[in-house]
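Given the structure is predicted, the values throughout are model-derived calculations rather than measurements. Read the numbers this way: they start at 1 and go in the same order the structure lists the ligands and their atoms. Hydrogens, waters and symmetry mates are skipped; everything else that's a heavy atom, side chains included, is used.
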Amino acid sequence: LVKAPDALGRVSGDRFGALLVGGDDVTTLAARADAIRRAIAAPIAVGDREASLTASVGWAAFDPAAHRGRDDPLKDAEIALAFAKRGGGDHAEAFRASMRTSGADRFSLASDLRRALDRREMRVVFQPIVRLEDRAIAGFEALLRWEHPRLGRLAPSEFVPLAEETGLIVELGLFAMDQAARELRAWQHAVDVRPPLFVSVNVSSRQMLRHDLIADVKDVVARSGVARGTLKLELTESLVMENPEFAAQVLARVRELGAGLALDDFGTGHSSLAYLQRFPFDTVKIDRSLVKPDARGARPVILRSIVAMCRDLKMAVVAEGAESASDAVELAQLGCEFAQGFAFGQPLSAADARKLVGAKPAAA
Ligand code: C2E
Ligand code: CA
Ligand code: CA
């Protein structure tokens with residue numbers, strides 16, 4: 001992919017730089033950056049095994065107006081690389097001028113975050129969760145997005161860790177729960193299906209450790225008037241395992257108050273399976289790493305067992321990261337009840353989610 005007169009070199013550690021000559025067309029550059037990412041992601045045979053690598057790619061087009069110094073294009077590409085990594089890796093990111101002013105300046109991002117709710121920059125988007133049997137929409141997962149005035153739309157991976165460090169996650173989490181419950185009420189009001197539509201909201205460790213989580217859930221459930229069990233909290237295994245005794249108590253209270261509980265990213269932590277019975281979860285969300293077929297197209301063998309076990313425990317099962325039509329078909333064959341993923345839709349704005357379920361738009 002990199003041929004003379006292009007040049008390839010090692011910048012430092014695990015960072016490599018490619019200088020691509022002759023072409024400032026950004027579409028071509030974007031395609032080349034992505035081709036490099038894909039080439040690296042191709043599995044490599046190591047003996048009788050297969051190894052997979054992923055790369056994060058940051059790139060910048062040479063700009064005679066902005067690039068005065070010799071190193072300037074490389075610096076911009078490195079800023080873009082930092083964004084690509086923060087986006088979760090295996091990803092190519094183009095440099096944007098807005099990245100330079102913000103830099104990786106966590107301090108200013110933290111102060112921006114502090115004001116984001118007041119400035120109405122936070123949005124909640126809703127990704128459909130589909131019942132595999134008839135492909136009907138069963139509910140949605142609420143996911144936060146930050147419309148940053150300079151950086152554009154930021155994904156949770158770009159601000160949730162910071163919100164956790166600074167404690168702002170408590171307010172953000174309550175905001176997400178409140179918005180989700182409002183939308184849920186609108187959907188349930190408009191469509192009378194049995195069982196009723198549900199929404200699930202992510203809860204972080206900081207929120208859980210604060211005793212007010214119980215009070216918050218009580219307020220939101222009471223205020224919104226949604227059907228019992230249809231507002232669900234999603235908690236990860238690792239969060240619950242941080243303090244199992246405490247978690248068991250809080251979760252039991254939350255259930256009594258009429259909220260549902262989903263165990264998120266199941267299969268990525270190391271909880272004892274016995275805990276599944278000890279905590280009052282009604283839903284298990286199987287992490288996409290267990291749902292995705294491997295390089296040979298086979299799905300992890302434990303996927304089938306996990307689905308069977310959850311069904312025996314009378315828990316609803318959602319497979320995450322269903323990306324293709326064959327994912328959907330095979331998951332249904334395994335007996336998996338629900339699926340979520342790009343095969344069934346990207347996260348939607350609140351307005352689009354209402355349209356999809358046939359509810360009235362929100363009053364302006
Ligand atoms: P999660 O709970 O595992 O959420 C699912 C993530 O997977 C979402 O990313 C979603 O857009 C993405 N996804 C959905 N379908 C597919 C697919 O088919 N393939 C792939 N590769 N990805 C898919 P998103 O929105 O960037 O959220 C990332 C994480 O941020 C979430 O992971 C959750 O842990 C956290 N998060 C999101 N909203 C909140 C929130 O309100 N509070 C807290 N505490 N955390 C949140
Ligand atoms: Ca989740
Ligand atoms: Ca998840």
*Could you tell me which atoms of ligand 1, counted from 1 in the order shown, lie closer than 4.0 angstrom to a heavy atom of Ala176?*
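That gives atoms 41 (O) of ligand 1.
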*Which ligand 1 atoms does Asp264 reach within 4.0 Å, using its non-hydrogen atoms?*
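In order of number, 2 (O).
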*More than 12 foreign heavy atoms under 6.0 Å from CZ of Arg311: is that the case here?*
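Check fails, neighbour count at 12 or below.
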_Please check if the number of heavy atoms outside Glu171 that lie under 6.0 Å from its CD is greater than 12._
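No.
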*Does Leu144 reach ligand 1 with a nitrogen or oxygen that is under 3.5 Å from one of the ligand's nitrogen or oxygen atoms?*
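Checking ligand 1 against Leu144, an N or O pair does fall under 3.5 Å apart.
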*Based purely on interatomic distance, does Ile169 place a nitrogen or oxygen under 3.5 Å from a nitrogen or oxygen of ligand 1?*
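There is no such contact.
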*Should the pair Lys232 and Phe198 be classed as cation-pi, given the thresholds of under 6.0 Å to the six-membered ring centre and 45° from the axis?*
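Here Lys232 passes the 6.0 Å and 45° test against Phe198.
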_Are the side chains of Lys292 and Pro300 in contact, using a 4.5 Å heavy-atom criterion?_
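Side-chain contact under 4.5 Å: no.
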_Test of understanding: clusters of I, L, V, M, F, W, Y form through side-chain heavy atoms closer than 4.5 Å, transitively. Do Leu113 and Val124 belong to the same one?_
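Leu113 clusters together with Val124.
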_Spacing of Ser200 atom OG and Phe126 atom CZ [to the nearest 0.5 Å]_ =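 Spacing of OG (Ser200) from CZ (Phe126) equals 10.5 Å.
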Counting non-hydrogen protein atoms only, what is the nearest one to [atom]? Give residue, atom name and distance.
{"atom": "atom 31 (C) of ligand 1", "value": "Leu143 CD2, 4.3 Å"}
{"atom": "atom 18 (O) of ligand 1", "value": "Phe342 N, 2.8 Å"}
{"atom": "atom 19 (N) of ligand 1", "value": "Glu323 OE2, 2.5 Å"}
{"atom": "atom 11 (O) of ligand 1", "value": "Pro347 CG, 3.8 Å"}
{"atom": "atom 35 (C) of ligand 1", "value": "Pro156 CB, 4.0 Å"}
{"atom": "atom 7 (O) of ligand 1", "value": "Arg288 NH1, 3.1 Å"}
{"atom": "atom 3 (O) of ligand 1", "value": "Asp265 OD1, 3.3 Å"}

*Of the non-hydrogen atoms in Ala60 and Ala77, which two are nearest, and what is the gap between them?*
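Shortest heavy-atom separation between Ala60 and Ala77 comes out as CB-N, 3.9 Å.
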Could you list the donor-acceptor pairs under 3.5 angstrom formed between side-chain atoms of residues 129-137 and any protein atom two or more places apart in sequence or on another chain?
from: Asp134; atom 1: OD1; to: Ala136; atom 2: N; distance (Å): 3.2

*For the Ca ion (ligand 2), which protein N/O/S atoms are closer than 3.0 Å?*
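Listed by chain and number, the atoms are Glu141 OE2, Asn202 OD1, Glu234 OE1, Asp264 OD2.
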_Out of Gln127, Arg145, Glu164, who is nearest to atom 24 (P) of ligand 1 when you count heavy atoms only?_
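It is Arg145 whose heavy atom sits nearest to atom 24 (P) of ligand 1.
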*Among Asn202, Thr236, Asp327, which residue places a heavy atom closest to atom 46 (C) of ligand 1?*
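Of the listed residues, Asn202 has the closest heavy atom.
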*Determine the sole option in Arg120, Arg119, Arg153 for which the side chain to side chain donor-acceptor pair (under 3.5 Å) test with Glu147 is passed.*
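Among the candidates, only Arg153 passes.
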_Glu245 and Arg278 ion-paired at < 4.0 Å_ =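 Between Arg278 and Glu245 there is a salt bridge, with a charged N closer than 4.0 Å to a carboxylate O.
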*Test item, Ala322 contacting ligand 1 (heavy atom, 4.0 angstrom)*: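 Ala322: in contact with ligand 1 (<4.0 Å).
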